[in-house]
Colleague: 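Pasting a structure here, questions to come.
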Amino acid sequence: MASAPALALLIFLHITLFIVSPDTGKAAEGVASVQRATAPGDFIIGGMFPIHDDVERRGNSLRPTILPCIRFNEEALVKSLAMINTIEVMNKSPLMTSVNITLGYRILDSCVDVSTALRATEDFYLETDCYKDCNTSACDQPVIAVVGASYSEISIATARLLTLQMIPQISYSSTAVILSDKSRFPAFMRTVPNDEHQTAAMVTLLSNHKWNWVGVVTTDGDYGRSALDHFVTRAAKNGICVAFKSVLPQSVSNQDVMSAIREAAETITNSPKVQVILSFAKPAHMTYLFRELKEQTLRAGQNLESMRRVWVASDSWSSSSIVCKNTTLEEIGHVVGFNFKMGDMSSFAEYLSRLETAEHNHTTNNSFLQEFYMQFNGTKGPADPELASKAVNTLREHIQADTILGVEMAVSAIAHAVASICVSRDCETPGKVQPWEALEKLQKQEFKLREKSYKFDKNGDINQGYDVVMWRSDGRNICIHDVVAEYHPHNNTFTPIRHSTLNLFLDLRHIVSKCSNSCVPGEFKKTVEGQHTCCYECINCTENYYSNDTDMDQCRSCDTNTEWSPEGSSSCIPKTVRFFFWQDGFAVVLVTFAALGILLTLLVSALFLHQRDTPVVKAAGGPLSQVILFSLVVSYISVMLFVGQPNDLQCKARQVLFGASFTLCVSCILVKTLKILLAFQFNPELQAILRKLNHPYIIVTVCMAGQFVICVCWLVFKSPFKDVTRQPTALLKECNEGSYLAFGVMLGYIAVLAFVCFICAFKGRKLPQQYNETKFITFSMLLYLISWLLFVPVYVTTSGVYLPAVEMVVILISNYGILSCHFFPKCYIILFKKEQNTKSAFRKKLYEYSSKSAITESESSGSQQQVNPPVFVLGANSLKSVVTENCIENCIDLPRSTSSQHLIPRLRHERSNSI
């Protein structure tokens, strides 16, 4: 690609050579004849088309030489004929006849060579005697505007030269972005969008099909380099990576072009993951590249299917019949191209028909057409019908409807500009209208073509978007370019068009062109340093992170307050709300036992109420037993509050309710214990102390007051509350005890009362077996203390949903221990041993125990005075009456007389009398 300084220097040299030494230019013409197509008119429109694809290089001569053009290009000839047809149509239109002017043309060949194009440009704006044989003054007129060139690198060079005279230049296919810079190319305009829009369309196409690992093939030069740079920049922003870039020399005749094509083919062959290749190359380069790919594939012994790719073609060859003519789609794969918008070809079709019928000789002033006819049969003239038909059919095969529309638009725009000027001035005199005046009109006014209005934007472009074409073969190795979608540059979207190949276009989505396989949801991409971002490893998301789309760069975090996710998750899972459900099997069992306990307690209460006057009930405490049973019912109810979804009120009530109820229960048991000790205590001093302490209601009130103070302080300063413990996969709803110190003090207070009961009951463990309350109290208190001592370490080390169940079990054990030890034996006597539930039976047992205790006490006292205790005989009737009279009250109820105070002295007195 020629650099900008070199290009400027080249232009300067051409201008200098022509101005300083014009004879040199004329001498050079003798080396090779310059082909052209001309027609006279009041205004001459210049045309520049690549009728030939290259020039023949002849050594390294330093003399200025016009190099001969080689490789005739039928597609370019068709475009030049479209310009001629449009000028002829315009001359007959009311637009031109109303101002009484005609348009002529002067079409030259650029030969896809900058030097050749610059010489042609000089011919456009310098007055010469090229038309002296025509005998018309119009021949000496310079052009008013130029249509062309095709390739951007040619247009860039010619635009710099035409800008010196501000001659408007309108290209029909040059798309380099640099040409939109009006500060550098103020006279350049075009009927097509610039490459920024085409590269944007390509990137959108790749993104829609999820192709992110692609190769690029381009021709060196302003167009190819500019398109490549814009594509790479835009692709990177959309996460598309370019696996390789193959830049081919601009000239097909360049000595390095075949080695570059060979290298590009090897790169493609060695990149099997690259299934999509973008090409901004020229048609000739693509023809050679496809040929080289086929040869390398066959040499490697591989199936030709291995060279199949999806080729995304730029406008430079997307509708080229030359490429398809030299290859097959079965070998190269799919071709998706971007074409400029196509128009109505009816007018041009009629023109070709006139050429075919040879109504008049079209080759007289068109040396390009003469050369074309000579390719078929040099001996026959163009008037031969068979030759004309064959030639025109060949031209029809090379029609590119998109660029033909661009040529027609360019001619129409110039015609409207000239007509607009000539409405108010004399245009028949040569030189009255300057090119810059036409440029001003072109930039400002609209023009029409087939009733459709167009206008150049501020950059001198007309952006209609693109047609997306799919190539298919008609079975005769002739490509058909079907339009399958339209691209709208304003919103960067595609609109599908119903067509036979639309499904084929949509099926391209199944083709995979990626460096790495897609990371599925639950994974994220980890790019290795130094590699393309499209080449990565797929790593599972860690716990509490997720990815819900393919190829995500990083995992997203779950809201760990309410959600969680396992490793490799594609979504967050709501945390399960956990608490001690009513439906839980363990909860059902515990609640059943609590309900059964309430039922049994109520039945016992009813039985005791019914048998309230019997000795057994009185011995059990009488009315005090009902208070104990009531406290047990409340304690069982408190067990229910440990089940279900907790709330603040429930959390506060369950512990306080249990603490208060069980304190009341133990307080009443303590009162019973003291009563029994008082009833059967024969030590006067200890009995006196117990009698002073024997105030049941005061004892119960004081004990309850202590617990009340503890609970109130707990609730006021740091009360229990509903809490949510965030576990890895669940939300545990539980009660936080607020102050575990207060919780411990509450339980410790009950434990102290229970321990006092245990000590007192242990003192009276040898009472009569049938009415031995102290043994049962001892056992129940021991069971309570052991169960709660075990509860502490279990409770501290246990967590989770079953933590409330631990306390429920201990409360149930405590309740059932008291119910079983205090009341069930008495219920058994009441129900099944009724003979023992009489005053006579009770007196008998008391008498037997009292007699034994009294004698033992007397003997113990006597032994302290004498070594050999005297033998005495105490009258049975006397002892029985004394013990029964004193003890029957105290064993059944609180003592109501002081006779027991004198029991031991009386026994001793009886003993002395009997002696």
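Treat the numbers as computed from the prediction; the structure is a model and nothing was measured. Note that these values count all heavy atoms, side chains included, but never hydrogens, waters or copies made by symmetry.
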Colleague: Got a sec: does the CD of Glu263 have more than 12 other heavy atoms crowding it under 6.0 Å?
Modeller: no
Colleague: Kindly assign one of parallel, tilted or perpendicular to the pair Phe338 and Phe494, based on the angle between their ring planes and the thresholds 30° and 60°.
Modeller: tilted
Colleague: Once rounded to the nearest 0.5 Å, what's the spacing between atom CG of Asn238 and atom CG of Leu206?
Modeller: 9.5 Å
Colleague: Scan side-chain atoms only and decide if Ser279 and Trp311 contain a donor-acceptor pair under the 3.5 Å cut-off.
Modeller: no
Colleague: One pair to check against side-chain contact (heavy atoms from CB on, under 4.5 Å): Asn73 and Ile322. What are the steps and the verdict?
Modeller: CA-CA 9 Å; Asn73 187 333; Ile322 297 176; 3.8 Å; yes
Colleague: Could you go through Trp213 and Phe244, starting from their C-alpha distance and side-chain angles, then the distance that decides it, and tell me whether this counts as ring-ring contact (aromatic ring centres under 6.0 Å, His included)?
Modeller: CA-CA 9 Å; Trp213 189 238; Phe244 59 83; 8.7 Å; no
Colleague: Do Tyr223 and Ser174 pair up side chain to side chain, a donor and an acceptor below 3.5 Å, judged on atom types alone?
Modeller: no
Colleague: Would you find more than 12 non-hydrogen atoms of other residues, nucleotides or ligands less than 6.0 Å from Asn517 atom CG?
Modeller: no
Colleague: Nearest heavy-atom pair of Thr219 and Lys282: which atoms, and what distance?
Modeller: OG1-N, 3.1 Å
Colleague: Closest heavy-atom contact between Ala265 and Leu293?
Modeller: O-CD2, 3.6 Å
Colleague: Is it true that Glu371 and Arg71 make a salt bridge, defined as a side-chain N closer than 4.0 Å to a carboxylate O?
Modeller: no
Colleague: Salt bridge or not between Arg36 and Asp123? Use side-chain N to carboxylate O under 4.0 Å.
Modeller: yes
Colleague: Between atom NE2 of His481 and atom CZ of Arg472, what is the distance when rounded to the nearest 0.5 Å?
Modeller: 10.5 Å
Colleague: Side chains of Glu74 and Thr394: donor-acceptor distance under 3.5 Å anywhere?
Modeller: no
Colleague: Would you say that Val312 contacts Ile277 through its side chain, given a criterion of any heavy-atom pair below 4.5 Å between the two side chains?
Modeller: no
Colleague: For residues Ser347 and Asn85, is any side-chain donor paired with an opposing acceptor at under 3.5 Å?
Modeller: yes
Colleague: Less than 4.5 Å apart, any side-chain heavy atom of Thr121 and any of Leu108?
Modeller: no
Colleague: Looking only at side-chain N and O atoms, does Asn194 offer a donor or acceptor that is under 3.5 Å from a partner on Thr175?
Modeller: no
Colleague: Distance alone, cut at 3.5 Å: any donor-acceptor contact between the side chains of His230 and Asp195?
Modeller: no
Colleague: Indicate the atoms forming the closest heavy-atom contact of Met286 with Ala281, along with that distance.
Modeller: SD-CB, 3.8 Å
Colleague: For Gln169 and Phe185: C-alpha separation, side-chain torsions, deciding distance, then whether side-chain contact (heavy atoms from CB on, under 4.5 Å) applies.
Modeller: CA-CA 10 Å; Gln169 177 184 0; Phe185 304 97; over 6 Å; no
Colleague: Using atom types as modelled and distance alone, determine if a side-chain donor or acceptor of Ser173 lies under 3.5 Å from a backbone N or O of Ser150.
Modeller: yes
Colleague: Are the side chains of Ile170 and Val146 in touch, meaning some heavy atoms are under 4.5 Å apart?
Modeller: no
Colleague: Test of understanding: with side-chain contact (heavy atoms from CB on, under 4.5 Å), list the residues that count as partners of Thr533, not counting sequence neighbours.
Modeller: Cys241
Colleague: Do Ser180 and Asp461 pass the side-chain hydrogen bond (donor to acceptor under 3.5 Å, both in side chains) test, and can you show the C-alpha distance, the side-chain angles, and the key distance before you say yes or no?
Modeller: CA-CA 7 Å; Ser180 294; Asp461 304 337; 2.8 Å; yes
Colleague: Salt bridge (Lys or Arg N to Asp or Glu O under 4.0 Å) for Arg309 and Glu331? Distances and angles first, verdict last.
Modeller: CA-CA 9 Å; Arg309 299 289 192 275; Glu331 294 173 355; over 6 Å; no
Colleague: Look only at the side chain of Ser513 and the backbone of Gln275, and say whether a donor-acceptor pair between them is shorter than 3.5 Å.
Modeller: yes
Colleague: Working to the nearest 0.5 Å, report the span between CE of Met307 and CD1 of Ile268.
Modeller: 8.5 Å
Colleague: Taking the six-membered ring where the residue is Trp, are the ring centres of Phe49 and Tyr172 under 6.0 Å apart?
Modeller: yes
Colleague: Is it true that Glu356 and Arg396 have a side-chain N and a carboxylate O under 4.0 angstrom from each other?
Modeller: yes
Colleague: Report the residue from Thr493, Asn492, Thr495, Asn339 that forms a side-chain hydrogen bond (donor to acceptor under 3.5 Å, both in side chains) with Tyr487.
Modeller: Asn492
Colleague: Of the non-hydrogen atoms in Asn463 and Pro193, which two are nearest, and what is the gap between them?
Modeller: OD1-CB, 3.2 Å
Colleague: Nearest heavy-atom pair of Gln296 and Thr269: which atoms, and what distance?
Modeller: OE1-OG1, 3.7 Å
Colleague: Evaluate Lys294 against Glu305 for salt bridge (Lys or Arg N to Asp or Glu O under 4.0 Å), listing each step before the verdict.
Modeller: CA-CA 10 Å; Lys294 182 178 180 180; Glu305 289 187 359; over 6 Å; no
Colleague: How far does CD of Gln400 sit from CG of Leu405, to the nearest 0.5 angstrom?
Modeller: 12.5 Å
Colleague: Given side chains that start at C-beta, do those of Met48 and Phe124 come closer than 4.5 Å, heavy atoms only?
Modeller: yes
Colleague: Look at the side chain of Asp109 and the backbone N and O of Cys111, then say whether any donor-acceptor pair between them is shorter than 3.5 Å.
Modeller: yes
Colleague: Just do the side-chain hydrogen bond (donor to acceptor under 3.5 Å, both in side chains) check on Thr297 and Gln302 with the steps written out, would you?
Modeller: CA-CA 5 Å; Thr297 303; Gln302 298 178 351; 5.0 Å; no
Colleague: Between the main-chain N or O of Ile511 and the side-chain N or O of Trp211, is there a donor-acceptor pair closer than 3.5 Å?
Modeller: yes
Colleague: Between OG of Ser110 and CD1 of Ile51, what distance do you get to the nearest 0.5 Å?
Modeller: 8.0 Å
Colleague: Of Phe372, Phe368, Phe72, which meets ring-ring contact (aromatic ring centres under 6.0 Å, His included) against His52?
Modeller: Phe72
Colleague: So, for Ala313 and Val335, which heavy atoms are closest and what is the spacing to 0.1 Å?
Modeller: CB-CG1, 4.3 Å
Colleague: Compute whether any side-chain donor of one residue and acceptor of the other, for Ser314 and Gln198, lie under 3.5 angstrom apart.
Modeller: no
Colleague: Can you list the steps and then say if Val192 with Gln464 is a side-chain contact (heavy atoms from CB on, under 4.5 Å)?
Modeller: CA-CA 7 Å; Val192 292; Gln464 298 185 85; over 6 Å; no
Colleague: Would a 4.5 Å heavy-atom cut-off, applied to side chains only, mark Leu278 and Met202 as touching?
Modeller: yes
Colleague: Are any side-chain N or O atoms of Ser246 and backbone N or O atoms of Val217, one a donor and one an acceptor, separated by less than 3.5 Å?
Modeller: no
Colleague: Keeping Asp113 on the side-chain end and Thr116 on the backbone end, is there a donor-acceptor pair under 3.5 Å?
Modeller: yes
Colleague: First locate atom CG of Leu162, then atom CZ of Phe188, and finally report the distance between them rounded to the nearest 0.5 Å.
Modeller: 10.5 Å
Colleague: Go through it in stages, so that I can follow the logic: the residues are Val483 and Met342, the test is side-chain contact (heavy atoms from CB on, under 4.5 Å), and I'd like the CA-CA distance, side-chain angles, deciding distance and then a yes or no.
Modeller: CA-CA 10 Å; Val483 179; Met342 294 184 292; 3.2 Å; yes
Colleague: Looking at Lys79 and Glu408, is any side-chain nitrogen of the basic one under 4.0 Å from a carboxylate oxygen of the acidic one?
Modeller: no
Colleague: Of all residues at least two apart in sequence or in a different chain, which pass the salt bridge (charged side-chain N to carboxylate O under 4.0 Å, His left out) check with Asp467?
Modeller: Lys341
Colleague: So that I can confirm a possible disulfide, could you see if the SG-SG distance for Cys534 and Cys515 falls below 2.5 Å?
Modeller: no
